[in-house]
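Report on one structure; see the data block that follows.
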Amino acid sequence: MRTVQLKFFARLREQIGIAEIAIPADQAPNLDKLMNWLQTQHPQWSDALQQPLTRAVNEEVVNGNIDLKPGDQVALFPPVTGG
């Protein structure tokens, strides 16, 4: 099965309880559908996934909804704050 690899970082990883998951590529043709699939398949993650998150595809931060293809790596992480 062809997949999209999804990785969780920082506080989000702690909230969800896993570091990564493989998602069937046909369920994640773009970022928005990937997020919808996650919330449908894992409703217990809904609160964590609805917070503002930075999204990266293949190690590049992206904005908006972009298309995904099998083999892509998606990273989700909370915005970085500092002082």
Side-chain angles (χ1 to χ4, degrees):
M1 177 183 298
R2 302 183 75 177
T3 62
V4 170
Q5 196 69 24
L6 177 60
K7 295 186 174 192
F8 304 102
F9 290 95
R11 178 177 31 129
L12 179 61
R13 179 175 56 203
E14 294 170 11
Q15 292 171 320
I16 289 180
I18 63 171
E20 61 183 87
I21 185 172
I23 298 171
D26 64 339
Q27 299 297 317
N30 60 52
L31 281 175
D32 286 350
K33 289 190 177 181
L34 179 149
M35 298 302 288
N36 289 338
W37 184 88
L38 277 177
Q39 293 187 40
T40 300
Q41 297 297 309
H42 303 281
Q44 71 276 21
W45 298 349
S46 186
D47 288 344
L49 294 173
Q50 290 183 11
Q51 64 184 316
L53 296 172
T54 299
R55 305 189 295 186
V57 176
N58 299 326
E59 300 183 5
E60 289 191 33
V61 173
V62 297
N63 293 308
N65 185 28
I66 67 166
D67 290 337
L68 300 172
K69 60 185 181 302
D72 279 348
Q73 182 183 81
V74 176
L76 298 177
F77 45 97
V80 177
T81 60

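Excluded from the calculations below are hydrogen atoms, water molecules and symmetry mates; all remaining heavy atoms, backbone and side chain alike, are included. Numbering of residues begins at 1 and proceeds along the displayed sequence.
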Discussion item. Applying ring pair (Phe, Tyr, Trp, His ring centres under 6.0 Å) as the test, list every pair that has at least one member in residues 42-67; sequence neighbours left out.
Written reply: Phe8-Trp45, His42-Trp45
Got a list of side-chain donor-acceptor pairs under 3.5 Å for residues 12-21, not counting sequence neighbours?
from: Gln15; atom 1: OE1; to: Gln51; atom 2: NE2; distance (Å): 2.7
from: Glu20; atom 1: OE2; to: Gln5; atom 2: NE2; distance (Å): 2.5

Worksheet item: Linking I/L/V/M/F/W/Y whenever their side-chain heavy atoms sit closer than 4.5 Å, directly or via other members, would Phe77 and Leu34 fall into one cluster?
Response: no
Let me have the donor-acceptor pairs involving side chains of residues 58-71, under 3.5 Å, with sequence neighbours excluded, atom names and distances please.
from: Asn58; atom 1: OD1; to: Gln73; atom 2: N; distance (Å): 2.8
from: Asn58; atom 1: ND2; to: Asp72; atom 2: OD1; distance (Å): 2.9
from: Asn65; atom 1: OD1; to: Leu31; atom 2: N; distance (Å): 3.0
from: Asn65; atom 1: OD1; to: Asp32; atom 2: N; distance (Å): 2.8
from: Asn65; atom 1: ND2; to: Asp32; atom 2: OD2; distance (Å): 3.4
from: Lys69; atom 1: NZ; to: Asp72; atom 2: OD1; distance (Å): 3.2

Discussion item. Distance check, rounded to the nearest 0.5 Å: Leu38 atom CG versus Gln27 atom CD?
Written reply: 11.0 Å
Worksheet, complete the sentence: Ile23 and Ala28 have their tightest heavy-atom pair at CG2-CB, 4.1 Å
Practice prompt. Could you go through the side-chain contact (heavy atoms from CB on, under 4.5 Å) check for Met35 and Arg55 one step at a time?
Written response: CA-CA 11 Å; Met35 298 302 288; Arg55 305 189 295 186; 3.7 Å; yes
Worksheet item: So which heavy atom on Pro78 is nearest to which on Phe9, and how close?
Response: CD-O, 3.5 Å
